[in-house]
Every structure is written in C-alpha cells, then in structure tokens.
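Just the heavy atoms: all of them, side chains too, but no hydrogens, waters or symmetry mates, feed the values below.
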Amino acid sequence: MNISMPLVLSDQGYALLFDDHAAATLTLTNPLTYASECPSPLSYFFIYGGNESHLADAAIQLAELTGRQELPPFWALGYITSKYGYKTENEARGVIDTLKMYGYPVDGIVLDLYWYGTETDMGRLEWNRKQWPTYRQMLSDLKEKGINTVLISQPYINKKGAVDNYNLLAEKGMLAKDSTGRTHDVTTWVGDAGMFDVSNPDTRQWLANRYKQLTDEGVGGWWGDLGEPEVHPETIVHHNGMTARQYHNVYGNVWSKIIYDLYKESYPDTRLMTLMRGGTTGLQRYSVFPWTTDVSRSWGGLRPQIRIMLNSGLSGLGYMSHDVGGFAVNPELPTDPELYVRWMQLGVFSPILRTHAQQFAEPYHYPEYGPLLRELIKTRYRWLPYNYTLAYENASKGLPLVRPLNFRNHDETLSDIDDQYLWGDDVLVAPMLEKNAKSRTVILPDGIWVDYNNPEISYQGPGKINYKAPLNVLPMLVRAGAFIPQTGYDLENTSGYDASHYTILYYPRGRELTTTYTMFEDDRTSTRSLQENKYALLQFHGIVNGRQIKIGMKTTGNYPGMPRQKNITIVFPGIMPDIVSSIEVDGVNITPTAYEHKWLSFTAAVSADKPFEAILELKSGLK
C-alpha cells in the first residue's frame with residue numbers, strides 16, 4: 001500500500017499509536033515491541049474508547065488525535081472516469097460525450113501523464129499545446145457539463161522532457177541531494193530524473209505556485225502519483241537533515257499539505273480532492289482520497305480490496321478506494337466482462353467510484369452488460385443522500401464509510417471477516433469475489449436483516465446464509481428498522497441534486513422495534529458548514545408496536561438556500577399496500593400508494609419548521 005502507519009487497533013475498543021514516521025519494526029508479541037530508526041526519543045499514545053467500547057469508539061478517539069477529513073467535494077461522490085491515459089483533448093472530450101450518449105451519469109475525469117505530453121515529460125507541469133490545443137476552453141466546457149478535471153503530478157523531474165525545470169530547480173537547491181550537498185539523481189521507470197525535495201520550503205513554494213497557475217485555469221482537483229515516493233534511494237539526505245529512510249513515509253503527507261495549504265490560502269471556499277497513494281498517520285487531514293495503487297485486472301486483484309478499505313478506514317483514511325475494473329491488464333486477456341461487472345458492484349458501494357485501467361477502462365467497452373453497468377452507476381447517484389451522510393459522520397466524528405461487521409459490538413466470530421462489510425451502520429454488502437460464482441455464504445450479525453434485492457425475505461442473525469447472486473445481483477442486506485434516504489430520480493451528475501425531494505426506504509420488521517436515523521444536509525459547497533453550524537440534520541424515528549407503525553421526522557439547524565418544505569416519499573420495501581387499514585399524516589387520513597407498482601408507500605409535504613408524524617394501522621402484525 002505504501003501508506004505506513006505505526007498503529008494497532010483492537011476490536012476490544014482501544015488503539016496504540018507511535019508518533020513516528022521513520023523505518024521501524026512493530027512486533028505484536030507479549031510484551032509488544034517497537035524499534036525505530038528515528039534518532040530522537042518517541043512519543044506513543046494509548047487510545048481508550050471507554051468502558052464496553054468497541055472499534056467505533058477507538059476510531060472516534062483516534063480521529064480526535066490524528067485529525068478528521070473535511071467534507072468532500074460533492075461531485076467526488078459521483079462517478080469519475082480515468083485511464084492510462086487520455087492522450088489528447090479530442091479523446092478526453094470524446095470519452096465524456098460517449099458516456100453521456102450511453103446514458104451514464106458522470107462527474108469527473110482524471111488525466112494521466114499525457115496532459116503534459118509523454119512519459120519523459122514528467123515534471124514539466126505544463127499543458128502540451130499540440131495534444132491539448134484549447135485546454136482552457138476544454139476545462140470550461142467540461143465544467144459546464146458538470147465534469148471536474150483532475151490532473152496527475154509526480155515527485156520527479158525528468159532530465160529529458162523537463163530538463164528546463166530540472167536545471168532551474170537544481171541550481172536553486174530545490175531537488176533532493178546526497179550527503180555532500182550535490183543534486184542526487186534517481187532512476188525512474190521513465191529515465192533519469194531529479195526529485196522534488198518537499199522538506200525544502202522553497203520547493204514547496206515553487207510547487208504551490210505551479211499548482212495555483214494550473215488551478216486558476218480551471219483544474220478541479222489533483223492526483224499525486226508515485227508519492228511514497230516510488231523511487232527514494234537511501235543515499236538521499238533531505239534539506240531538513242533527514243535521511244531517506246527517516247523521511248520516506250511522511251513525504252506523501254508533506255506533498256499533500258502543499259496542495260491543501262494552497263487551497264486554504266487561495267481557494268478558501270472550494271473543497272479539495274487530492275488522490276494520493278503515499279503517506280503516514282494523519283494523511284486524511286489534507287483532504288486526501290487514497291487508492292490501492294496499480295492493482296491487476298484479475299480476481300486476485302479484486303479480492304483484497306475490501307480488507308484494504310476496512311483497515312484503512314479504521315486507521316483514519318475514510319475514503320480509501322480502488323481502480324474499479326483493475327488497472328494492470330493481462331495482454332493475453334485484456335478484458336474480463338464478468339470481473340468488470342463484479343468490480344463495478346463493489347465500486348458503487350466504495351468511498352469513491354472511479355474506473356481506471358491501461359485499456360478498456362470505461363463501462364461502454366462492455367456493451368453486452370451496458371444496461372446492467374448503467375443501472376449500477378445510476379444506483380450510486382440514487383444513494384447520494386445516504387452516502388453524503390456517511391461523509392458527514394466521517395468529517396464530524398472520524399467514522400469510516402466502510403466498516404467491519406463487529407464495528408459496534410464485541411462479537412469475536414466477526415473479527416476476521418474481510419470479504420463483506422457494513423456500508424455505514426445499516427447496510428451489509430457482500431460482493432462476489434470468485435469467477436463464475438452464482439452464490440456465496442454471507443455472515444449475518446445479530447438482529448433481523450432484510451434482503452435488499454428481495455425485501456419480502458428477512459433473516460434472523462447471528463448466523464450464515466447461502467445468498468444466490470447471478471451476475472446482475474450484488475448481495476446486500478439492510479438492518480431491520482433502517483431508514484435509507486435516496487434521491488428517487490435520475491441524475492446526469494451531482495449538480496442536479498434536489499434537496500427538496502427525497503425517497504426514504506424504511507424497513508420495519510417484527511412485533512416491537514424502535515430505531516432512529518439522522519441525515520445530513522448543507523449547501524454541498526461550503527468549506528465551513530460544520531465549523532459555522534450552517535447545516536441541517538433530518539432526524540427520523542420509527543416505532544413498530546404490534547399492529548401500529550409510527551414514523552416521525554424533525555429538522556434541526558439551517559443553512560443558506562435550505563428548502564423550507566420537502567416532498568418526501570416513504571417506501572416500505574417488502575410490504576404490500578393491502579396490509580394497511582389506514583394512514584394518518586399529521587392528523588389527516590391519506591391513501592397509500594404502490595411504489596413502482598409494488599411496495600407500500602405514501603408521499604407527504606414536510607415543513608422544516610415543524611415535526612412530521614405518520615401513523616399506520618395494520619391489518620396484521622409484521623413478520
């Protein structure tokens with residue numbers, strides 16, 4: 001992963017963190033031992049979640065110490081297309097036009113190294129005018145279509161295509177040096193190069209100035225590749241006196257902070273997305289969206305992704321994601337449509353949905369599964385209200401989006417499960433990770449779980465079930481009593497989001513059940529929503545009592561532009577309309593409807609200024 005954290009978390013609700021980023025060895029023996037190459041004394045922190053605490057408590061306390069990530073750009077929760085690489089302006093425009101032609105929602109495009117020319121132009125940090133003749137207009141045109149452009153940048157300055165920058169920076173002492181003070185060249189995969197020494201304040205300022213010039217032209221986000229750094233000879237001595245082994249792990253943090261500080265100074269009202277694959281503890285403080293590097297397009301590449309997202313999330317990196325579809329292509333098997341579909345299913349319920357590959361990255365390359373893939377990406381957009389609330393939980397508490405099954409309990413039988421996860425607290429996702437598999441075993445935590453795909457079926461946990469999942473099915477279950485807010489309408493991109501209309505899926509089950517859910521809203525652009533209390537919380541509660549269901553909602557808080565009234569459709573998946581004898585909404589009887597010609601539902605106008613309550617009388621109790 002190349003993101004190295006000297007951290008231990010226990011499912012008993014505590015953690016141990018060493019304040020160190022030098023090369024070190026941590027041995028989980030009794031007694032635990034930690035040996036570091038750091039020349040100075042170290043501090044360590046014991047993090048205690050409290051009596052009867054669990055992983056959630058430890059994660060919250062860890063975030064108090066190491067920092068929480070700010071709210072993401074709202075567009076970052078949509079679909080982002082990427083490839084190694086879009087080589088010309090015409091190709092980039094064509095990719096977006098093709099996605100739109102086939103009906104795919106899309107919010108972002110990532111430009112790999114060809115935006116500055118070829119591989120040996122690494123470090124130019126300047127558009128290639130032959131390949132991108134009207135790049136400013138392209139950035140503006142894409143933005144008008146709701147598409148944000150992200151550019152790649154690396155720690156290296158190639159001595160061939162970027163020799164002018166190399167000579168300038170070497171003369172001013174801004175590149176990494178050896179112990180004698182001479183510039184220390186490195187051999188990268190694209191030839192000999194210098195290396196930005198980000199421990200040097202002058203280097204940081206030079207990079208910030210270059211990033212600002214490009215951002216001013218319309219760039220929407222940044223990608224820091226090879227930032228471990230990938231090539232970092234141990235004979236390098238950095239400007240601050242640290243050796244490469246002492247400075248290596250923190251390089252990604254410092255590099256990310258350059259961009260973060262630039263945005264705070266020059267674009268204080270713009271939320272930042274930086275893709276980064278190197279760093280150490282606290283990396284999330286700099287609005288970083290890490291990914292699992294150049295994973296192979298194979299079933300072996302797909303399987304570890306859940307484990308990595310789980311462990312990264314518990315370590316503070318709530319937005320760990322992956323190259324959906326697999327990056328490194330086997331020339332003898334360049335495409336695997338089944339694998340692509342299964343990977344997309346996982347990607348829809350991952351912190352970031354970004355397809356990326358050497359070849360055949362975009363979903364329209366798999367026309368035989370076009371309707372299925374299009375529906376999956378549309379599903380991502382339908383879940384925006386729920387997913388944005390997960391982002392709020394991360395920003396306000398440090399909770400990860402991807403959570404282990406025992407996140408809030410001490411069930412040791414769930415400790416080692418790394419092929420399924422909770423999306424938030426109430427949705428269990430069990431992706432298909434084996435070729436040709438049509439079913440899989442799903443482990444259920446305690447409680448009643450409703451089949452998301454077939455909500456007439458419920459299961460009692462703890463236990464395990466065999467879940468049938470042909471290629472068009474992602475195994476998912478919803479905790480009984482859960483509220484799942486959705487958009488309820490199709491979007492071309494996140495700019496079409498409407499905070500005055502929601503569809504709320506509600507899953508009451510059993511004879512007695514009381515549940516609550518809090519949904520987050522703000523203007524989706526402000527960088528200070530939480531600090532200035534400019535947001536609203538929609539608080540839902542549901543009570544099942546025999547043959548009666550009560551649903552309530554109230555709004556607390558406010559923000560500029562908040563709709564004062566909302567049209568909310570409550571849907572009861574798995575429950576037929578004929579089970580209801582009456583529905584009373586704020587004292588007025590209404591007629592139930594059949595959502596999508598099947599499930600019980602009703603729609604109500606809800607004011608932000610007063611609580612809302614509905615009472616459903618049933619002809620018989622729920623199962």
Side-chain angles (χ1 to χ4, degrees), residues 2 110-113 115-117 119-128 135 149-159 161-177 183-186 188 190 193-232 236-240 242 244 247-268 270 272-280 282-283 285-290:
N2 303 310
V110 180
L111 301 185
D112 212 320
L113 48 79
W115 73 271
Y116 50 67
E119 284 86 348
T120 54
D121 292 324
M122 184 179 294
R124 284 185 68 240
L125 288 174
E126 182 178 342
W127 287 90
N128 182 292
Y135 69 87
T149 306
V150 177
L151 298 187
I152 196 172
S153 168
Q154 299 95 345
Y156 305 111
I157 308 94
N158 189 273
K159 295 180 70 174
V163 66
D164 290 343
N165 281 347
Y166 175 91
N167 291 335
L168 172 67
L169 294 166
E171 179 184 348
K172 294 182 178 296
M174 297 186 203
L175 302 182
K177 301 176 183 178
T183 298
H184 191 309
D185 288 346
V186 300
T188 72
V190 292
M195 176 179 172
F196 289 114
D197 188 351
V198 298
S199 77
N200 186 335
D202 294 336
T203 307
R204 295 197 296 271
Q205 187 60 56
W206 188 91
L207 277 168
N209 292 340
R210 205 58 169 250
Y211 289 139
K212 184 179 188 304
Q213 174 187 345
L214 293 159
T215 304
D216 286 344
E217 292 175 339
V219 173
W222 287 97
W223 172 13
D225 199 20
L226 315 181
E228 303 83 293
E230 184 180 67
V231 180
H232 198 183
I236 282 178
V237 177
H238 285 279
H239 178 81
N240 61 3
M242 289 187 178
Y247 196 66
H248 179 81
N249 288 339
V250 80
Y251 189 103
N253 289 44
V254 178
W255 187 16
S256 300
K257 189 175 185 294
I258 295 171
I259 304 172
Y260 178 84
D261 288 346
L262 167 66
Y263 267 65
K264 288 301 180 187
E265 178 180 344
S266 300
Y267 318 103
T270 301
L272 170 63
M273 181 187 198
T274 300
L275 299 170
M276 186 65 66
R277 77 182 207 188
T280 188
L283 182 61
R285 292 196 299 265
Y286 310 117
S287 296
V288 167
F289 297 76

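Taking both residues in full, the closest heavy atoms of S287 and L272 are given as CB-O, 3.6 Å, listed atom of the first, atom of the second, then distance. P155 approaches L226 most closely through the heavy-atom pair CG-O, 3.5 Å.
For the residue pair E171 / N167, no side-chain donor-acceptor distance below 3.5 Å is found, with atom types taken as modelled. A donor-acceptor pair shorter than 3.5 Å can be found between the side chains of D216 and Y267.
Panel note: side chain N165, backbone G123; a donor-acceptor pair is recorded below 3.5 Å. When atom types are taken as modelled, the side chain of W255 and the backbone of G224 share no donor-acceptor pair closer than 3.5 angstrom. Here the side chain of Y251 pairs no donor or acceptor atom with the backbone of S199 at under 3.5 angstrom. Judged purely by atom type and a 3.5 angstrom limit, R210 uses its side chain to pair as donor or acceptor with the backbone of L125. Without hydrogens or angle criteria, T203 side chain to M174 main chain gives a donor-acceptor distance under 3.5 Å. Side chain of Y247 to backbone of N240: no donor-acceptor contact under 3.5 angstrom is found. Not one N or O on the side chain of R204 forms a donor-acceptor pair closer than 3.5 Å with the backbone of I258.
Separating the NZ atom in K159 from the OH atom in Y166 is a distance of 4.0 Å, to the nearest 0.5 Å. To the nearest 0.5 Å, atoms OG (S153) and CG (D225) are separated by 9.0 Å.
A centroid separation of less than 6.0 Å is found between the aromatic rings of Y211 and W222.
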Take F196 and L207 through the test side chain to side chain contact (heavy atoms under 4.5 Å, CB included) and record every step on the way to the result. CA-CA 9 Å; F196 289 114; L207 277 168; 3.8 Å; yes
Would N253 and Y260 satisfy side chain to side chain donor-acceptor pair (under 3.5 Å), going step by step from the backbone distance to the final call? CA-CA 10 Å; N253 289 44; Y260 178 84; over 6 Å; no
Please test L175 against I157 for side chain to side chain contact (heavy atoms under 4.5 Å, CB included), starting from the C-alpha separation and ending with a verdict. CA-CA 9 Å; L175 302 182; I157 308 94; 3.5 Å; yes
Let's go through H232 and M195 carefully: what are the C-alpha distance in whole Å and the side-chain angles of both, what is the deciding distance for side chain to side chain contact (heavy atoms under 4.5 Å, CB included) to 0.1 Å, and is it a yes or a no? CA-CA 9 Å; H232 198 183; M195 176 179 172; 3.6 Å; yes
Pair S256-V288, side chain to side chain contact (heavy atoms under 4.5 Å, CB included): steps then yes or no: CA-CA 7 Å; S256 300; V288 167; 3.5 Å; yes
With side chain to side chain donor-acceptor pair (under 3.5 Å) as the test, would you mind laying out the steps for D197 and H238 before giving the verdict? CA-CA 7 Å; D197 188 351; H238 285 279; 2.9 Å; yes
Verdict with reasoning, Q205 to N209, per side chain to side chain donor-acceptor pair (under 3.5 Å): CA-CA 6 Å; Q205 187 60 56; N209 292 340; 2.9 Å; yes
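Using a 4.0 Å cut-off between a side-chain N of Lys or Arg and a carboxylate O of Asp or Glu, D202 and K172 do not qualify as a salt bridge. Between E230 and R277 there is a salt bridge, since a side-chain N of the basic residue sits under 4.0 Å from a carboxylate O of the acidic one.
Judged as a ring-ring contact (aromatic ring centres under 6.0 Å, His included), and not counting sequence neighbours, H184 has no contacts.
Heavy atoms from other residues, nucleotides or ligands lying under 6.0 Å from NZ of K264 number more than 12.
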